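Note that ligands are numbered from 1 as they come in the structure, with each ligand's atoms numbered from 1 the same way. Keep in mind it's a predicted model, so treat the numbers as computed, not measured. Index from 1, following the sequence.
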Amino acid sequence: MALLEAIGDETAKAGKSAPVAATAQPLLSVRDVTKRYGGRIGCEGVSFDLWPGEVLGIVGESGSGKSTLLGCLSGQLAPDEGQVIFDTTEQGPVDTLKMTEPQRRLLSRTDWAFVHQNPRDGLRMGVSAGGNVGERLMATGARHYGRIRDTAIDWLGRVEIDETRVDDRPRQFSGGMQQRLQIARNLVSGPRLAFMDEPTGGLDVSVQARLLDLLRGLVRDMGLSAVLVTHDLAVVRLLADRLMVMKGGHVVETGLTDQVLDDPQHEYTQLLVSSVLQA
Ligand SMILES: Nc1ncnc2c1ncn2[C@@H]1O[C@H](COP(=O)(O)OP(=O)(O)OP(=O)(O)O)[C@@H](O)[C@H]1O
């Protein structure tokens, strides 16, 4: 069963988050970000604005620079050049690349979320499901054990994990459940920006469909902005308002998702879209 069929194409489109266009300030402004590995280009001269409530999908074949760019934006890699300006709650726009490590760590606990492809990279496998979610609350200052547990249970429910599993370890969960737990752990503290690296990669199609449906609802309900990296065009069709197509470390095309996928202008995007259609 194709992913779009599993979810229902029209419902899916209708459920996409609506960008809040009237806001004067982008949440994230990326300017000329370049990262090289020795002589090899990871990504080069990447610039874009991300608006509050907007989901930007980054697509491209393997090696096109998606993960490198996401790493540079989220502070996991240090770019050689460029600016990554985030509109902080307290100080307004700040270049995160110039922040100290503790400042950036704080930002990644409060305002940012990172959803890894492999839930093991984003969860503490030796800690209970409730502990995984509660830990993030404690990291943002919560101290009342009863309230932390209640919030954790509430979030398990929001990601469709039964509350009877609150004391189970993530390794007792299926892959799809682990990914939903990782999402709860990331979103419980109410971040404004989520970085997602192939969040549905490695899951069965039906599990993917359910997860995408859930993610779409959460993104919409929370008014979350997100940068979503994937090689799967069905995923961006469902989740992303806007699309950026990368090839060889460069952005070759950008635009509204439906526009880019239905009427691709760049030869490479046309190839990318047609190879999916023929698959
Ligand atoms: N640690 C590294 N050392 C050297 N070169 C690297 C490193 N990481 C990535 N590269 C190179 O940078 C370029 C971009 O790779 P990147 O992993 O960002 O692409 P990608 O689009 O995320 O690929 P994939 O979809 O396979 O994850 C590639 O040429 C890759 O070989």
For [X], the ligand 1 atoms whose distance to one of its heavy atoms is below 4.0 Å:
X	answer
T68	14 (C), 15 (O), 16 (P), 18 (O)
S64	19 (O), 20 (P), 21 (O)
I41	12 (O), 13 (C)

Pairs touching residues 246-268 that satisfy ring-ring contact (aromatic ring centres under 6.0 Å, His included), sequence neighbours left out: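 Pairs touching residues 246-268 that pass the test: none.
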Pairing of D262 and R237 as salt bridge, 4.0 angstrom limit: yes
Run the salt-bridge test on R216 and D213 with the 4.0 Å N-O cut-off and return the result as yes or no.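 A salt bridge links R216 with D213.
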I'd like to check whether G42 has a polar contact with ligand 1, where a contact means an N/O of the residue lying under 3.5 Å from an N/O of the ligand. no
Could you say whether the N/O atoms of E198 and ligand 1 ever approach to under 3.5 Å?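 E198 vs ligand 1: no N/O contact under 3.5 Å.
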Has the side chain of [X] got a donor or acceptor atom that lies under 3.5 Å from a matching backbone atom of [Y]?
X	Y	answer
H144	R147	yes
T254	L243	yes
T96	V84	yes
E163	I153	no

Stepwise side-chain hydrogen bond (donor to acceptor under 3.5 Å, both in side chains) check, S225 with E54: CA-CA 5 Å; S225 302; E54 184 178 38; over 6 Å; no
Looking at [atom], what's its closest protein heavy atom, distance included?
atom	answer
atom 14 (C) of ligand 1	G63 O, 3.4 Å
atom 1 (N) of ligand 1	Y37 CE2, 3.8 Å
atom 21 (O) of ligand 1	K66 NZ, 2.8 Å
atom 17 (O) of ligand 1	S67 CB, 4.0 Å
atom 29 (O) of ligand 1	R40 CD, 3.3 Å

Option with minimal heavy-atom separation from atom 26 (O) of ligand 1, where the choices are S62, C72, G65: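 Among S62, C72, G65, the closest heavy atom to atom 26 (O) of ligand 1 belongs to S62.
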Tell me the contacting part of E61 for ligand 1: side chain, backbone, both, or neither, using a 4.0 Å heavy-atom threshold, strictly below.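 Within the 4.0 Å criterion, E61 contacts ligand 1 through backbone atoms alone.
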Heavy-atom contacts under 4.0 Å between L69 and ligand 1: side chain, backbone, both, or neither?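 Answer for L69: neither.
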Tell me which donor-acceptor pairs under 3.5 Å the side chains of residues 122-138 have, and how far apart each pair is, sequence neighbours excluded?
from, atom 1, to, atom 2, distance (Å)
R124, NE, E135, OE1, 3.2
R124, NE, E135, OE2, 2.9
R124, NH2, E135, OE2, 2.4
S128, OG, G131, N, 2.9
N132, OD1, R124, N, 2.8
N132, OD1, R185, NH1, 3.3
N132, ND2, R124, O, 2.9
N132, ND2, V127, O, 3.0
N132, ND2, S128, O, 3.2
E135, OE1, R185, NH1, 2.8
E135, OE1, R185, NH2, 3.2
R136, NE, R109, O, 3.3
R136, NE, S189, OG, 3.0
R136, NH2, S108, O, 3.3
R136, NH2, R109, O, 3.1
R136, NH2, W112, O, 2.6
R136, NH2, S189, OG, 3.4

